[in-house]
Protein chains: 2
Amino acid sequence: MAEPNIDGKLAEEFAVPAHVEEVKERMTEFARCHASEGRRVVVITSGGTKVPLESRTVRFLDNFSSGRRGASSAEYFIEAGYAVIFLHRHRSLYPYTRMFSTINMLDALQLRRDSGEEVVVNQEVLPNISKVLKRYQEVKERRLLLPIEFSALSEYLHLLKATAQALSTIGSKAMFYLAAAVSDFYIPASEMPEHKIQSSNGPLQLSLNMVPKILSPLVKDWAPQAFVISFKLETDKSILLDKAKKALDTYRHQAVVANVLDTRRGYVVVVTRDTQVELSLTDEDEKRDVEIEERIVSNLTSAHQRFIDQQKE
Amino acid sequence: MAEPNIDGKLAEEFAVPAHVEEVKERMTEFARCHASEGRRVVVITSGGTKVPLESRTVRFLDNFSSGRRGASSAEYFIEAGYAVIFLHRHRSLYPYTRMFSTINMLDALQLRRDSGEEVVVNQEVLPNISKVLKRYQEVKERRLLLPIEFSALSEYLHLLKATAQALSTIGSKAMFYLAAAVSDFYIPASEMPEHKIQSSNGPLQLSLNMVPKILSPLVKDWAPQAFVISFKLETDKSILLDKAKKALDTYRHQAVVANVLDTRRGYVVVVTRDTQVELSLTDEDEKRDVEIEERIVSNLTSAHQRFIDQQKE
């Protein structure tokens with residue numbers, strides 16, 4: 001069920017980032033420009049949100065998420081012809097750059113022998129670098145990727161609202177791919193201590209409120225014509241599909257990508273009101289470094305096309 | 001006061017990382033080797049610790065820390081002739097590499113015009129790269145930096161204990177520079193739910209226990225001859241020095257580096273039992289990109305030398 005006055009609650013209990021209007025303008029322009037060239041636009045949210053426990057924050061609650069799924073999906077959406085707004089957690093994995101995330105960059109660089117000061121990439125360490133760099137530069141030049149950063153939950157909520165409003169102008173050509181791991185709980189500003197919680201006061205009791213379900217106004221009010229995908233991650237497989245269906249009933253959006261923590265890189269179920277499609281990687285796929293995100297994006301871009309066609313009828 | 005049976009508590013309530021014995025052997029060898037060449041060894045802990053709320057972890061409590069102070073200090077300790085064990089949070093800032101942390105590496109690379117596949121660093125984007133790379137490679141070749149990673153609090157605690165035991169063999173030549181932002185609170189394994197906490201159950205009440213004060217056995221039992229520095233970060237300046245002095249009284253170690261969240265990059269106080277030395281950066285220093293860690297390390301390496309000399313007397 002939609003909560004009443006979610007806009008009011010957002011404004012009251014979650015600090016509005018100073019740059020939200022400026023970001024909204026950039027997104028509106030980005031969407032307008034690409035839609036006018038016949039391109040669809042996907043908003044990918046990626047990474048975890050930070051929930052401060054103190055207003056001068058030393059401690060915070062976080063969600064496990066490297067941002068791998070979002071970063072990888074962004075690349076496949078671009079391959080599929082989309083322009084991408086990448087709303088991601090500061091320092092989480094980033095499209096194209098993500099391939100260096102497991103190495104120390106200095107281990108991949110070397111001084112050229114014939115010229116003491118020139119520094120080159122050792123392509124034995126990074127065999128795909130020239131291909132990836134070319135693709136990255138092309139994407140940058142064609143302005144196909146608009147990166148927007150958040151850290152705190154409050155930034156995420158306000159920026160997502162601004163994104164939805166910015167994309168409402170392109171109707172069903174907009175897709176929301178909500179892969180971020182958003183906290184379900186937070187401490188309202190009014191109940192937050194200003195200073196660092198002292199351990200000398202003994203064991204800590206925390207009481208957290210529930211974060212308003214932003215999917216509800218997003219679907220109903222902010223971007224009612226858009227194609228909206230949410231993600232459901234559970235650790236307990238037995239409750240997963242029920243929770244996915246329940247989310248579709250509640251929020252009336254188009255699909256849920258359901259996955260289990262331990263197997264999330266090789267198996268997901270795309271759940272819609274009428275269908276349930278299992279996507280998985282075979283051993284052969286994994287040997288060839290195929291990523292499940294390629295399959296997810298392929299499934300969803302087709303569904304998005306059908307959705308757009310239906311709207312036209 | 002030292003808690004009784006802290007070793008027992010560590011073993012019971014905090015999962016022992018599988019590789020701890022292997023890491024301990026590497027550290028013992030590292031310390032032995034450098035000490036035999038007349039080098040002092042500093043253990044730098046750096047970054048925040050993760051405290052899981054579920055045993056199949058989706059959510060966790062974290063501490064604000066980029067790892068900047070630890071990474072930067074490691075470089076200055078190496079300049080001062082130390083060998084460094086860098087016990088740091090996975091993906092936190094790293095010595096030498098830290099200078100790229102604010103840029104996307106692909107923005108600093110370019111394809112060579114005369115050779116389509118060679119990738120070089122654009123030194124307009126990274127003006128210091130060749131100098132930093134040379135220094136990094138030299139440090140690597142001379143094996144002056146031993147990196148050890150942790151993520152969870154339990155890993156940090158067990159690895160720090162192993163480090164202290166490994167370094168007990170070199171007596172007063174060992175320094176502990178405990179800059180990591182370690183959680184004061186945790187949920188014992190026995191009280192942790194296995195699966196992801198469900199938001200449908202309503203608001204969340206968390207009850208966290210206090211983390212055993214590991215500084216106590218470190219100073220008393222594990223590395224009783226070492227030179228030990230702890231850090232105290234507060235947001236409230238008025239309680240800072242009292243807390244630093246109280247820590248020295250309680251744990252009987254050599255110094256506390258006291259700092260306030262907002263001003264930590266430009267001002268610290270090094271507190272010992274008899275002295276209180278303020279270190280700060282002038283506007284002129286900041287213009288020249290002087291880092292406060294250079295001053296901190298300079299202060300502490302001198303103090304460490306005096307400490308070693310006193311032990312000899």
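Labels below follow one simple rule: chain letters A, B, ... track the order of the sequence lines, proteins then strands, and each chain is numbered from 1.
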*Asks:* May I have the list of side-chain donor-acceptor pairs in residues 63-71 of chain B shorter than 3.5 Å, sequence neighbours left out?
*Replies:*
{"unit_1": "S65(B)", "atom_1": "OG", "unit_2": "G67(B)", "atom_2": "N", "d": "3.3"}
{"unit_1": "S66(B)", "atom_1": "OG", "unit_2": "R68(B)", "atom_2": "N", "d": "3.1"}
{"unit_1": "R69(B)", "atom_1": "NE", "unit_2": "E293(B)", "atom_2": "OE2", "d": "3.1"}
{"unit_1": "R69(B)", "atom_1": "NH1", "unit_2": "N259(B)", "atom_2": "OD1", "d": "2.7"}
{"unit_1": "R69(B)", "atom_1": "NH2", "unit_2": "R264(B)", "atom_2": "O", "d": "2.3"}

*Asks:* Heavy-atom distance under 4.5 Å to chain B: side chain of F60(A), backbone, both or neither?
*Replies:*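 For F60(A), the contact with chain B is made by backbone and side chain together.
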*Asks:* Please flag which part of L53(B) lies under 4.5 Å from any non-hydrogen atom of chain A: side chain, backbone, both or neither.
*Replies:*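 Answer is side chain: those atoms of L53(B) sit under 4.5 Å from chain A.
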*Asks:* Are any non-hydrogen side-chain atoms of D62(A) and L61(B) less than 4.5 angstrom apart?
*Replies:*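 SC-SC contact between D62(A) and L61(B) ruled out.
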*Asks:* Do R112(B) and E118(A) touch side chain to side chain, with heavy atoms closer than 4.5 Å?
*Replies:*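 Yes. Closest side-chain heavy atoms under 4.5 Å.
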*Asks:* Taking only residues two or more places apart in sequence, or in another chain, which ones meet D262(A) in a side-chain contact (heavy atoms from CB on, under 4.5 Å)?
*Replies:*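 For D262(A), the residues satisfying side-chain contact (heavy atoms from CB on, under 4.5 Å) (neighbours in sequence not counted) are R56(B).
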*Asks:* Specify which of V120(A), I129(A), T102(A), N122(A) makes the most heavy-atom pairs with chain B at under 4.5 Å.
*Replies:*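 Among the listed options, the one with the most contacts to chain B is V120(A).
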*Asks:* Pick from L204(B), D184(B), V121(B): which one has the most heavy-atom pairs with chain A under 4.5 Å?
*Replies:*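 Highest number of pairs under 4.5 Å: L204(B).
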*Asks:* Among I239(B), L109(B), N209(B), single out the residue with the greatest number of heavy-atom pairs under 4.5 Å to chain A.
*Replies:*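 With the most close heavy-atom pairs to chain A, the winner is L109(B).
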*Asks:* Heavy-atom cut-off 4.5 Å, strictly under: side chain, backbone, both or neither for F185(B) against chain A?
*Replies:*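 Answer is side chain: those atoms of F185(B) sit under 4.5 Å from chain A.
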*Asks:* In the structure I gave you, are the side-chain heavy atoms of E54(B) and T235(A) within less than 4.5 Å of one another anywhere?
*Replies:*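 A side-chain contact under 4.5 Å is absent here.
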*Asks:* Among L106(A), V51(A), T97(A), which has the most heavy-atom pairs under 4.5 Å with chain B?
*Replies:*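 It is L106(A).
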*Asks:* What residues of residues 137-153 of chain A make heavy-atom contacts with chain B at a cutoff under 4.5 angstrom?
*Replies:*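 From residues 137-153 of chain A, the residues near chain B are Q137(A), K140(A).
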*Asks:* Salt bridge check: are E117(B) and K131(A) linked by an N-O gap of less than 4.0 Å?
*Replies:*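 Not counted as a salt bridge, because no side-chain N and carboxylate O are separated by less than 4.0 Å.
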*Asks:* Sort S101(B) into side chain, backbone, both or neither according to what part of it lies under 4.5 angstrom from a heavy atom of chain A.
*Replies:*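 Both the backbone and the side chain of S101(B) come within 4.5 Å of chain A.
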*Asks:* Counting only non-hydrogen atoms closer than 4.5 Å, does Y96(B) touch chain A with its backbone (N, CA, C, O), its side chain (CB onward), both, or neither?
*Replies:*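 Contact with chain A is through both the backbone and side chain of Y96(B).
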*Asks:* Below 4.5 Å from any heavy atom of chain A, which atoms of N104(B) appear? Answer side chain, backbone, both or neither.
*Replies:*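 It is the side chain, since no backbone atom gets that close.
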*Asks:* Anything in residues 84-92 of chain B with a heavy-atom distance to chain A below 4.5 Å? Please list those residues in order.
*Replies:*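 R91(B) fall under the 4.5 Å cut-off.
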*Asks:* Against chain A, label Q205(B) side chain, backbone, both or neither, depending on which of its atoms sit under 4.5 Å from a heavy atom there.
*Replies:*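 For Q205(B), heavy atoms of backbone and side chain both lie under 4.5 Å from chain A.
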*Asks:* What I'd like to find out is whether the side chain of L133(A) reaches to under 4.5 Å of the side chain of L111(B), using heavy atoms alone.
*Replies:*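 Counting from C-beta outward, L133(A) and L111(B) do come under 4.5 Å.
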